[in-house]
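Below is one structure; the comments refer to it alone.
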Amino acid sequence: MLSKYGILCLAACLAVTLTACGDDDSETFLPIPLDANPPLEIGSAQGRPAEVVLPADYDIERRYPLVILLHGYGANARAEDFVFGLARRTTTHQFILVLPNGTLNASGERFWNGTIECCNFGSPPVDDVGYLAALMREAMQIYAVDPGRIRLAGHSNGGYMSYRYACEQPVFVDRIAVLAGSTYLDPADCGDPLPIDVLHMHGTNDDTVPYAPNPGPNGIRTVGAEAAVGYWAERAGCDAGPELVERRDHHRIVRVGNDPAETEILRYRGCGGATVELWKAVNGDHLYLSVNDGWRDDVAAFLSE
């Protein structure tokens, strides 16, 4: 027998239809009655289980942002969380975190089938967009998720994957945080997505995914950090060119044998309500490990607002 809250929740969800962007087909999500102690794993139906981290004071009467963290090439979910530190911030910043893993290639490296540029290097196609959408649908059925606040955070290959997902959007995400990743070389490959909030973080000394454009043939091909975030600024109708609004010493990035980097906060104006920012770590490298937790707190705040 459903509780009073369960009946109200089910009735409300019956009335809510979420429509995939650019697709005439609609999907109605009918969640099970919410459980105060739900399972902490989803994705088993796809054969790719993902760990779920809930706030310590998780309350089914609330609605939380859902954050999915996407690791870099050759890494895994827990190793990536060492960089972002999101799992230990689910309570202070009040969000639900999902930690999925990419698939293994022939070399035993985990990857996401992101954009054409990164990082399915010779493996059969993998529908990671569909996989992530399935995780979102399952999470909305089981947890107290706010369907209007579903977010992706990705590092390197995970950043490419975040940008690809934002282009296709089978289940809508309203914001992404990309660290040292990039988007399609050809903007036409992204299609015509809806504007979203974008935070792009990149070190100017990144020698894996360069901050500057690299069209090839050597190394990872990229449009560069400024063009990547600029595409989404254009989608949101922002004013041309971002403004330097702040320098953050507490974003200092550890670099062996050199002075720590200082982050410049570059923000686009006139974006019609969207937030589009580039955090430029001067002299920062690809790993972007901070000397303190200041930048991690700022990223968690962006993902949980």
Side-chain angles (χ1 to χ4, degrees), residues 21-22 65-70 72 84 86 93 95 112 114-115 117-118 129 132 136 148-204 206 209 211 213 222-246 248 251 263-281 284 288 295-296 298-305:
C21 298
L66 178 71
V67 176
I68 301 178
L69 178 61
L70 305 180
F84 278 86
L86 291 175
H93 289 274
F95 61 91
W112 298 102
T115 71
E117 293 72 33
C118 179
V129 170
L132 295 175
M136 295 171 193
R149 291 188 294 168
I150 299 177
R151 285 85 191 261
L152 294 174
H155 181 199
S156 192
N157 181 200
Y160 279 88
M161 187 69 235
S162 298
Y163 274 129
R164 176 177 179 175
Y165 188 94
C167 291
E168 299 186 27
Q169 295 274 28
V171 175
F172 186 67
V173 298
D174 70 319
R175 60 178 49 183
I176 61 173
V178 170
L179 169 59
S182 195
T183 189
Y184 291 101
L185 280 181
D186 184 354
D189 290 332
C190 185
D192 188 25
L194 292 173
I196 60 170
D197 297 334
V198 174
L199 167 60
H200 188 112
M201 301 161 278
H202 220 121
T204 59
D206 189 334
V209 180
Y211 181 90
T222 173
V223 296
E226 294 174 12
V229 72
Y231 172 79
W232 292 93
E234 182 179 354
R235 296 301 309 160
C238 304
D239 297 340
E243 297 178 7
L244 174 62
V245 296
E246 186 180 353
R248 294 186 184 171
H251 279 207
T263 297
E264 297 179 353
I265 308 300
L266 300 160
R267 183 175 301 146
Y268 281 86
R269 304 291 190 183
C271 300
T275 298
V276 183
E277 292 188 358
L278 170 62
W279 294 0
K280 179 181 178 180
Y288 212 94
W295 84 272
R296 295 184 180 93
D298 289 345
V299 172
F302 172 79
L303 291 169
S304 60
E305 289 174 354

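The aromatic rings of His93 and Phe95 are tilted relative to each other, their planes meeting at an angle between 30° and 60°. Between Trp232 and Tyr163, the ring planes are parallel. Angles under 30° get that label, and only those over 60° would be called perpendicular.
Under the 4.5 Å side-chain criterion, counting only non-hydrogen atoms from C-beta, Arg235 is not in contact with Val198. Considering only heavy atoms from C-beta on, Met161 comes within 4.5 Å of Val129 through its side chain. Annotation: side chain of Leu278 is not in contact with side chain of Pro242 (no heavy-atom distance under 4.5 Å). Within the 4.5 Å cutoff, no side-chain heavy atoms of Thr115 are placed close to those of Asp189. The shortest distance between side-chain heavy atoms of Trp295 and Thr263 does not fall below 4.5 Å. Side-chain contact between Val209 and Tyr160 is present, with heavy atoms from C-beta onward closer than 4.5 Å. By the 4.5 Å heavy-atom criterion applied to side chains, Thr204 and Lys280 are counted as neighbours. Side-chain contact check for Tyr231 versus Val223: every heavy-atom pair is 4.5 Å or farther apart.
Listed here is the closest heavy atom pair of Pro187 and Leu185: CD-O, 3.4 Å. Considering every non-hydrogen atom in both Asp197 and Gly273, the closest pair reads OD1-O, 4.4 Å. Closest of all the heavy-atom pairs between Ser162 and Ile176 is O-CD1, 4.2 Å. The shortest heavy-atom contact between Ser156 and Gly72 is CB-CA, 4.2 Å. Across all non-hydrogen atoms, the minimal contact from Tyr288 to Gly203 is CE1-N, 4.1 Å. Shown here for Cys167 and Pro193, the closest heavy-atom pair between the two residues is O-CB, 3.8 Å.
Distance CD/Glu264 to CG/Leu244: 5.5 Å, rounded to 0.5 Å. In this structure, CG on Leu199 lies 5.0 Å from CZ on Phe302, to the nearest 0.5 angstrom. Atom CD1 of residue Ile196 and atom CD1 of residue Ile150 lie 12.5 Å apart, to the nearest 0.5 angstrom. To the nearest 0.5 Å, atoms CE (Met136) and CD1 (Ile68) are separated by 4.0 Å. Distance check: Met201 CE to Asp206 CG gives 12.5 Å after rounding to the nearest 0.5 Å.
Scored by the salt bridge (charged side-chain N to carboxylate O under 4.0 Å, His left out) test, Glu226 finds no partners at all (sequence neighbours excluded).
The salt bridge (charged side-chain N to carboxylate O under 4.0 Å, His left out) analysis of residues 148-163, with sequence neighbours excluded, yields the pairs Asp146-Arg149, Arg151-Asp174.
The 12-atom threshold is exceeded at CD of Glu305, counting heavy atoms of other residues, nucleotides or ligands nearer than 6.0 Å.
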Would Asp298 and Arg248 satisfy side-chain contact (heavy atoms from CB on, under 4.5 Å), going step by step from the backbone distance to the final call?
-> CA-CA 11 Å; Asp298 289 345; Arg248 294 186 184 171; 3.0 Å; yes
Under the side-chain contact (heavy atoms from CB on, under 4.5 Å) criterion, do Leu70 and Leu132 qualify, and how do the steps go?
-> CA-CA 10 Å; Leu70 305 180; Leu132 295 175; 3.8 Å; yes
Please walk me through it: do Tyr165 and Val171 pass side-chain contact (heavy atoms from CB on, under 4.5 Å)?
-> CA-CA 9 Å; Tyr165 188 94; Val171 175; 3.5 Å; yes
Yes or no on salt bridge (Lys or Arg N to Asp or Glu O under 4.0 Å) for Glu277 and Arg267, after CA distance, side-chain angles and deciding distance?
-> CA-CA 5 Å; Glu277 292 188 358; Arg267 183 175 301 146; 2.5 Å; yes
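Cation-pi geometry between Arg164 and Trp112 is not satisfied (NZ or CZ under 6.0 Å from the ring centre, within 45° of the ring normal).
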